[in-house]
A.B. asks: 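Please see the structure below; I have some questions.
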Number of protein chains: 2
Amino acid sequence: MKHHQFAHVNVPLEQKICELKQIGFLNHDVKRTEELNELWLLFLNQALPQYLTKSAKQVQLKTFLATAELDLLSYLEQKTVDLHTFYNVGLQLLLFRPGVDFKLSDPLSAMERLGLYHAEKLTTHTDLLGAWYDLLCTQTRLGQTLLDHLAGLGYFTKFYDLPAIKKPLFFNGKAQPIFDTSKLIYEVVYIESDLDTDEDGHCDLLRAEIIRPKETEHGLKVPVLYTASPYHQGTNDDDGKKLLHPANVALQHKTPTTTSKPTFLRSKPKKAPQKRTVMGRSTRAEETFGRETSYSLNDYFLARGFAVVYAAGIGTKGSDGLRTCGDPAETSSTIAIIEWLTGKRKAFTNRTENIELKAWWCNKKVAMTGKSYLGTLAIAAATTGVAGLETIIAEAAISSWYDYYRAGGLVVFPDGFIGEDADVLAQECLSMKQDFAKYREVRSLWKEKRAQLTQELDEASGNYNAFWEARNYLNDACQIKCDLVLIHGLNDQNVKPKNPYQLLEQVADLPVAKKVILHQGEHIYINNLASLDLTDMLNLWLSHKLYGLDNQAKEYLPDLLVQQNTAPDAWITPSTWGSAKKQIFTLTSNNELSKTAKQPLTEKMSFADHLDQATFAHYTNDLAKWHTDLVANKAPLSANSLHFVTETLTSPLTINGVAKLKVFVASSADHGLLSAMLVDLGEAKRLQKKPTLLAAKALNSGFRWRVDDLVGFTYGPTTPYQIISKGHINLQNRTAPWQNDELFPGTFYDVELSFQPTFYTVPKGRKLALIIYATDLSATLRGNEALTYTLADAPNHLILPLE
Amino acid sequence: MKHHQFAHVNVPLEQKICELKQIGFLNHDVKRTEELNELWLLFLNQALPQYLTKSAKQVQLKTFLATAELDLLSYLEQKTVDLHTFYNVGLQLLLFRPGVDFKLSDPLSAMERLGLYHAEKLTTHTDLLGAWYDLLCTQTRLGQTLLDHLAGLGYFTKFYDLPAIKKPLFFNGKAQPIFDTSKLIYEVVYIESDLDTDEDGHCDLLRAEIIRPKETEHGLKVPVLYTASPYHQGTNDDDGKKLLHPANVALQHKTPTTTSKPTFLRSKPKKAPQKRTVMGRSTRAEETFGRETSYSLNDYFLARGFAVVYAAGIGTKGSDGLRTCGDPAETSSTIAIIEWLTGKRKAFTNRTENIELKAWWCNKKVAMTGKSYLGTLAIAAATTGVAGLETIIAEAAISSWYDYYRAGGLVVFPDGFIGEDADVLAQECLSMKQDFAKYREVRSLWKEKRAQLTQELDEASGNYNAFWEARNYLNDACQIKCDLVLIHGLNDQNVKPKNPYQLLEQVADLPVAKKVILHQGEHIYINNLASLDLTDMLNLWLSHKLYGLDNQAKEYLPDLLVQQNTAPDAWITPSTWGSAKKQIFTLTSNNELSKTAKQPLTEKMSFADHLDQATFAHYTNDLAKWHTDLVANKAPLSANSLHFVTETLTSPLTINGVAKLKVFVASSADHGLLSAMLVDLGEAKRLQKKPTLLAAKALNSGFRWRVDDLVGFTYGPTTPYQIISKGHINLQNRTAPWQNDELFPGTFYDVELSFQPTFYTVPKGRKLALIIYATDLSATLRGNEALTYTLADAPNHLILPLE
């Protein structure tokens with residue numbers, strides 16, 4: 001396993017000395033006359049905070065090997081220290097094992113292999129000071145810096161009682177866990193929005209859960225990590241299951257529309273009812289809570305001088321209103337929390353007495369965090385340009401809901417959620433249903449509203465329309481004022497990579513930072529990944545953005561960081577996602593993808609789209625098998641697809657960006673769809689898309705605070721293939737997803753299908769395959785009609801953006 | 001989901017009133033003149049501890065539905081309360097949802113369906129007091145009692161500062177979480193054993209990690225939950241992988257031995273070196289620790305006035321000595337901790353200064369907890385009769401190591417650990433290897449010792465010998481003085497059910513309590529299971545055993561509790577495990593299992609044991625497929641097995657205990673083995689052996705303390721079969737596992753094979769199958785020899801113990 005540390009900042013020696021003093025590692029000015037060895041011992045003893053006496057520390061020092069021959073305590077008697085011995089011991093402090101992870105005869109080469117920084121010489125006091133400082137910044141075998149590891153053993157408890165005014169404390173540009181998490185304050189407020197989505201004549205109140213350090217009671221103003229999560233107060237899973245739309249439904253012919261792009265009128269927000277009259281003021285909340293549903297990244301920052309706020313939004317338990325799933329009302333409900341935190345909106349201590357409570361403890365700087373719907377609301381909030389939102393860290397987030405539930409004029413279900421649509425999600429998140437008496441009051445209105453959602457999302461057509469326009473955050477991307485951190489899995493088939501890709505296109509010219517991290521996982525968090533110091537990076541980032549620390553965060557965080565698919569722990573920093581360099585492959589009659597062939601197909605090629613009922617049922621119940629058999633070109637699926645394969649690659653081929661398929665195609669009916677996938681072919685061990693558990697509960701967020709599992713991407717068993725990317729299009733949406741083109745049976749049309757953006761290397765010795773088919777049992781509607789599709793004997797091309 | 005609450009104790013009204021006062025729910029003597037309704041409101045307000053003001057509580061009361069028409073606040077204005085309304089609200093407090101989990105028009109029938117207690121009438125103050133008391137004892141939808149749920153919201157924080165002398169606090173026979181877990185004291189001591197397993201001339205010191213309530217500093221003496229876990233300080237997984245024994249090895253002919261049982265001399269423990277001279281005394285530890293590897297059941301008790309001690313034993317990091325895997329030295333190292341806790345052994349503050357530290361905070365009562373190896377060491381400790389060990393809660397524990405790594409003269413690997421043996425496990429647990437400099441001193445001795453283990457365990461013969469005799473806790477079962485709680489999965493193929501079964505046989509006549517819980521899972525903990533209040537049961541048990549509370553625990557905990565395999569949440573209390581009622585089935589020539597046929601096979605029946613290399617490799621890499629194809633009698637496995645099947649059952653058949661197969665069989669060689677499995681045949685949905693996640697982090701161990709996931713057994717997809725039980729025997733061990741009988745090729749011998757004990761119901765409409773085969777690819781050595789086995793045309797029987 002190789003460690004990648006992007007948040008280890010190179011600082012001048014004077015600063016190192018100053019910071020070592022600040023965190024208590026150095027308690028005096030180092031003199032030239034001092035034994036180097038004594039200084040080292042001072043550091044070593046500090047690095048054993050769990051041993052409380054000199055004797056106990058000495059026993060422990062005796063368990064370390066300084067060299068192959070000498071234990072550390074014996075070595076220290078020699079009154080010396082050299083570079084190798086320093087790192088032999090350093091590596092053991094970092095939990096690496098001599099004889100397993102490194103050789104005592106050569107620690108430095110192991111450090112290079114492991115990706116760990118080391119100094120080049122260790123002869124002077126300044127060498128030792130610098131090397132020790134950097135050792136504290138270096139990751140242990142269990143994926144936290146040594147200093148964070150020591151914090152987990154209690155190193156920083158002596159800072160708990162520092163005066164609030166002396167907090168927070170930064171080291172190497174990052175806030176340190178000097179806040180006593182057993183003293184955190186948990187409180188609930190009700191924020192008054194401008195909305196009245198439940199139409200009761202009162203502005204919807206929104207419940208927010210706040211966790212803040214006790215030092216805020218003594219004058220410290222803290223920034224906020226705000227996670228907007230519609231799931232936070234529970235979900236109605238059973239309701240959701242009942243509402244799923246049928247998926248085994250045939251595509252219908254759509255009446256052709258005019259070719260000009262329609263104007264999607266964006267409905268004006270309704271005028272808000274009159275605001276509540278403030279009847280009093282308080283500085284104390286009247287409600288607390290037990291254990292919130294937490295995100296471990298937030299937990300980490302709670303030990304470091306940041307507050308955390310969770311809010312679930314309109315229509316959730318404790319709040320007023322109804323769910324609208326992705327529309328401007330939801331966005332407005334999302335930013336209302338920020339407006340309160342920054343002093344621009346009122347909140348109350350409870351729902352009836354109108355006693356105002358201000359966020360008097362907040363420094364008015366907010367970052368948003370979270371994955372999936374949570375990250376989506378962070379993007380939504382960013383597009384409002386709301387003041388005080390300094391940055392968002394949006395993981396696996398949606399940038400346009402059309403690209404979550406639809407594609408190219410087709411229903412395309414998110415991976416694993418066959419039959420789900422925006423109305424289903426709205427119902428699932430309507431946790432205010434569990435405020436039983438309150439729900440009774442709005443039940444019939446909600447049924448109307450939900451029916452309206454169902455109608456407007458228009459699953460029958462699959463087209464982009466006013467419903468989706470209202471849920472397309474890209475429309476307002478130009479208003480973004482905060483810096484963006486976007487993290488996404490290149491194998492995320494739930495929220496697909498198009499979502500961050502198109503957002504990045506929209507904001508390319510905006511004067512905000514864009515920090516993008518693309519990993520090889522699916523729909524997951526990666527803050528607990530062993531090979532990347534993401535948590536440290538985000539600490540560097542948020543210490544800068546929210547506490548104004550001048551720590552070179554913008555320079556140290558790469559603009560684009562990509563995990564390669566060819567090794568478990570290879571992170572690279574390409575210049576752009578989306579290469580301008582294109583390579584055209586021609587589809588040939590002998591099923592090749594050819595760089596050199598220029599001629600069209602010598603004859604038409606057809607494929608069917610029907611399966612007998614038993615086979616259809618078998619495959620819809622086992623989608624993994626369907627994928628495997630489809631890629632293997634196994635009957636009967638071989639009749640339902642066309643396969644084009646490159647020669648065995650003699651050098652690696654890296655696809656960076658959006659691949660396109662251009663074909664001249666006909667359907668046997670007046671409706672039809674095209675699906676295509678790019679496949680890496682060849683028996684090989686490949687990275688698994690779900691990380692493997694490396695060490696349970698190994699990541700301490702602070703001291704005796706919450707823990708997270710350490711995970712890492714690892715190779716799975718040998719597989720014959722991996723799907724690189726897919727694309728889907730309705731043949732009637734050749735021009736645009738909002739436009740119905742004509743489609744006559746048997747007539748050929750030019751169709752361009754875009755694949756999901758990717759960053760994927762097909763290694764040499766393997767092949768790239770293009771598979772063209774129609775119904776995607778794992779994603780599209782599955783009418784199982786007896787249709788035939790035909791590629792014309794004309795030029796048909798695959799165009800790849802190559803790195 | 002049905003709730004099963006065995007720990008809800010029925011107590012007299014006076015006691016209920018007294019306890020309600022003690023926990024602060026009742027603050028006055030109830031008068032006849034008091035409005036019933038007012039008393040109820042008092043309770044309701046207390047049940048909303050997260051709402052800190054009257055207004056905030058009122059808002060919340062308004063979200064409950066009292067009836068289909070009225071919210072609770074409005075209902076309360078009516079100055080009344082009736083039985084239905086009480087439980088309508090009660091169910092909502094218990095997190096059940098009107099309209100989903102129950103009907104407001106009839107809460108009582110839902111409570112009966114859900115397994116929840118309810119009163120029969122509610123007309124007087126005493127009715128209300130009783131009903132409220134019992135409601136606090138009733139499980140919420142998320143599997144904790146209402147009182148524990150309220151504790152998770154902060155109910156008991158007001159008790160944190162009670163004088164130590166007033167603690168602990170019991171309610172309904174169970175200790176309550178009134179201890180502030182943020183103030184727990186974490187300390188390390190080094191206990192001096194009588195052992196010198198590393199042969200350095202000094203008694204091995206054993207590291208123990210202690211967590212105790214801060215109240216112990218103020219006079220409270222607390223009992224201990226002690227978990228002995230060789231894994232606690234880490235493991236050497238890579239070493240273990242390298243040491244795995246080859247499994248694809250042919251069985252060898254064993255030279256016949258004499259028929260009398262050999263005497264296995266149990267080596268006397270070596271004389272211990274002289275003990276250390278005490279150089280001083282202290283009441284304070286010199287070492288602490290950060291976050292221990294915890295067991296959530298222990299966490300729960302830490303909030304309730306119990307200390308927890310973890311120790312890893314000889315040869316682990318921080319301790320002296322070498323691993324011996326299951327032998328008397330390990331047992332001695334295990335009980336040394338108890339001897340220190342009870343004042344009979346010395347411990348020191350560190351490893352060098354000989355400063356003695358007593359367990360002055362302990363009430364000298366200890367229970368042991370833990371699963372697998374952890375539970376095994378609890379059994380080991382119990383068999384010493386060590387004073388102070390009041391009870392063990394041994395989950396999925398080994399009672400004889402022969403029955404973990406061997407069976408019937410054969411190597412039989414634990415499920416999922418092909419190639420593992422006791423020497424491998426010893427190496428994996430030798431975490432003292434990570435005290436690098438210390439390990440260097442013992443490395444060569446350890447290599448000798450491990451080689452000795454490898455030799456003595458004698459994998460080549462598979463026989464029971466002196467090595468296994470030394471690791472057979474049953475030999476000393478007669479010395480057990482503590483009460484036993486044994487919890488085991490009937491589908492545990494790692495530590496197999498024979499382990500608790502034979503221990504129970506051994507202790508049947510001992511004057512100790514035997515509480516047995518058999519579940520349908522595999523090798524898992526079940527303290528977080530939704531359908532059973534195991535945690536409450538163990539609280540009742542330990543409050544009684546360790547705090548001496550007279551709470552009827554022995555009567556309330558069933559002696560035998562069995563989860564049925566025919567429903568997700570059916571727990572029954574049969575009188576015995578192992579029915580005396582036997583049913584003989586005859587194996588017939590037309591592959592039937594017949595209750596009525598008496599005649600022998602009309603002709604011999606043979607099966608082979610060889611697979612071509614590709615098939616062999618395929619199946620050894622996919623053991624699930626091998627099982628499925630074997631049960632399906634699919635070629636080529638059909639040639640390698642004999643199948644006998646009952647008629648379709650017209651009534652359910654419950655096997656309770658040890659089934660036996662008696663056959664007259666020949667091998668084509670001078671060696672051979674027989675395997676057999678009992679199979680429940682027929683397409684059906686069956687319980688999955690791994691519970692499903694029902695609610696992440698839903699189980700609070702206290703208030704803002706550690707959390708656990710709520711899980712439940714659920715049905716999986718339809719499957720064609722389930723394996724009920726297996727058995728294996730070496731044909732040369734027909735008499736006993738320690739004796740080699742002769743085996744001539746082609747000669748028939750009477751062989752009796754015992755299956756693993758089970759408790760399994762084959763429902764009506766399905767069939768019971770017996771499959772006889774030889775090599776078990778998932779368990780035995782896999783020589784893949786071209787052997788043939790033949791059943792003689794003689795009576796061959798299956799004998800089932802039927803419930």
Side-chain angles (χ1 to χ4, degrees), chain A residues 49-53 55-56 58-60 62-66 68 70-74 92 97-100 152-154 181-184 186 188 236 238-239 284-291 293-294 349-353 355 433-438 440 621 696-697 700 703-705 707 717, chain B residues 49-53 55-56 58-60 62-66 68 70-74 92 97-100 152-154 181-184 186 188 236 238-239 284-291 293-294 349-353 355 433-438 440 621 696-697 700 703-705 707 717:
Chain A
Q50 70 273 46
Y51 301 93
L52 308 175
T53 62
S55 324
Q58 285 199 332
V59 175
Q60 194 53 23
K62 211 173 158 53
T63 68
F64 289 97
L65 280 168
L70 282 178
D71 71 73
L72 177 53
L73 202 61
S74 309
Q92 288 169 74
R97 298 155 299 186
V100 178
L153 294 169
T181 48
S182 77
K183 302 265 172 62
L184 290 167
Y186 297 67
V188 175
N236 307 307
D238 297 340
D239 285 1
R284 299 287 136 202
E286 293 185 11
E287 185 181 338
T288 182
F289 52 99
R291 165 73 196 240
T293 311
S294 65
T349 58
N350 66 46
R351 307 173 51 83
T352 55
E353 292 182 306
I355 309 294
K433 199 183 161 197
Q434 291 162 41
D435 289 330
F436 308 108
K438 259 182 84 183
R440 200 192 38 177
N621 284 323
K697 301 183 182 171
N700 277 296
F703 177 59
R704 295 183 191 148
W705 179 224
V707 287
Chain B
Q50 70 273 45
Y51 301 93
L52 309 175
T53 62
S55 324
Q58 285 199 333
V59 176
Q60 194 51 24
K62 211 172 160 55
T63 68
F64 289 96
L65 281 169
L70 281 178
D71 71 73
L72 177 54
L73 201 61
S74 309
Q92 289 168 75
R97 298 155 299 187
V100 178
L153 295 169
T181 48
S182 77
K183 302 265 172 64
L184 290 168
Y186 298 67
V188 174
N236 307 306
D238 297 338
D239 285 1
R284 298 288 138 203
E286 293 185 11
E287 187 181 336
T288 181
F289 52 99
R291 165 73 196 239
T293 311
S294 65
T349 58
N350 66 45
R351 308 171 51 81
T352 55
E353 292 183 306
I355 309 294
K433 200 183 161 197
Q434 289 162 40
D435 289 330
F436 307 109
K438 258 181 85 184
R440 199 190 39 176
N621 284 322
K697 299 182 182 171
N700 277 297
F703 176 57
R704 294 183 192 150
W705 178 225
V707 288

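Note on naming: letters A, B, ... go to the chains in the order of the sequence lines (proteins, then strands), and numbering restarts at 1 for each one.
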A.B. asks: Heavy-atom cut-off 4.5 Å, strictly under: side chain, backbone, both or neither for B/Val188 against chain A?
C.D. replies: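 Contact with chain A is absent: no heavy atom of B/Val188 under 4.5 Å.
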A.B. asks: Is there a side-chain contact between A/Arg291 and B/Val707 in this structure, where contact means two heavy atoms from C-beta onward sitting under 4.5 Å apart?
C.D. replies: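 Yes. Closest side-chain heavy atoms under 4.5 Å.
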A.B. asks: Between A/Phe289 and B/Phe703, which heavy-atom pair has the shortest distance, and what is it?
C.D. replies: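 In this case the closest contact between A/Phe289 and B/Phe703 is O-CE1, 4.5 Å.
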A.B. asks: Do B/Glu286 and A/Tyr51 pass the side-chain contact (heavy atoms from CB on, under 4.5 Å) test, and can you show the C-alpha distance, the side-chain angles, and the key distance before you say yes or no?
C.D. replies: CA-CA 6 Å; B/Glu286 293 185 11; A/Tyr51 301 93; over 6 Å; no
A.B. asks: Is it the side chain or the backbone of A/Lys697 that comes within 4.5 Å of chain B heavy atoms, both, or neither?
C.D. replies: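 Side chain only.
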A.B. asks: Can you tell which part of A/Ala68 gets under 4.5 Å to a heavy atom of chain B, answering side chain, backbone, both or neither?
C.D. replies: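 A/Ala68 touches chain B through backbone heavy atoms alone.
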A.B. asks: Relative to A/Phe436, does B/Arg97 satisfy both conditions: NZ or CZ under 6.0 angstrom from the six-membered ring centre, and within 45 degrees of the ring's axis?
C.D. replies: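 Output no; distance or angle outside limits.
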A.B. asks: Checking A/Leu73 against chain B: side chain, backbone, both or neither under 4.5 Å from a heavy atom?
C.D. replies: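 For A/Leu73, there is no contact with chain B at all, as no heavy atom is under 4.5 Å.
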A.B. asks: So which residue, B/Arg704, B/Arg351, B/Gln92, ends up with the most heavy-atom pairs under 4.5 Å with chain A?
C.D. replies: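 With the most close heavy-atom pairs to chain A, the winner is B/Arg704.
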A.B. asks: Are a donor atom and an acceptor atom from the side chains of B/Glu353 and A/Ser55 found within less than 3.5 Å of each other?
C.D. replies: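 Yes, a side-chain donor-acceptor pair sits under 3.5 Å.
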A.B. asks: I need the B/Asp71 CG to A/Asp435 CG distance, nearest 0.5 Å.
C.D. replies: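 Here the interatomic distance stands at 11.5 Å.
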A.B. asks: For B/Lys183, check salt bridge (Lys or Arg N to Asp or Glu O under 4.0 Å) against everything at least two apart and list the hits.
C.D. replies: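 Counting only residues at least two positions away or on another chain, B/Lys183 forms a salt bridge (Lys or Arg N to Asp or Glu O under 4.0 Å) with B/Asp180.
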A.B. asks: Show your working on side-chain contact (heavy atoms from CB on, under 4.5 Å) between B/Arg440 and A/Leu65 and close with a plain yes or no.
C.D. replies: CA-CA 9 Å; B/Arg440 199 190 39 176; A/Leu65 280 168; 3.8 Å; yes
A.B. asks: Counting heavy-atom pairs under 4.5 Å to chain A, which of B/Val100, B/Thr53, B/Thr181 comes out on top?
C.D. replies: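 Top count of heavy-atom pairs under 4.5 Å with chain A: B/Thr53.
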A.B. asks: Name the region of B/Ile355, side chain, backbone, both or neither, that has any atom closer than 4.5 Å to a heavy atom of chain A.
C.D. replies: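 No part of it gets close to chain A.
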A.B. asks: Heavy atoms only, distances under 4.5 angstrom: which of B/Pro717, B/Pro98, B/Gly154 has the most pairs with chain A? Name it, please.
C.D. replies: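 Result: the option with the highest number of such pairs is B/Pro98.
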A.B. asks: Select one option (side chain, backbone, both, neither) describing which atoms of B/Ala696 are under 4.5 Å from chain A's heavy atoms.
C.D. replies: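 Neither the backbone nor the side chain of B/Ala696 comes within 4.5 Å of chain A.
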A.B. asks: Contact part of B/Ala285 toward chain A, heavy-atom cut-off under 4.5 Å: side chain, backbone, both or neither?
C.D. replies: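 Backbone only.
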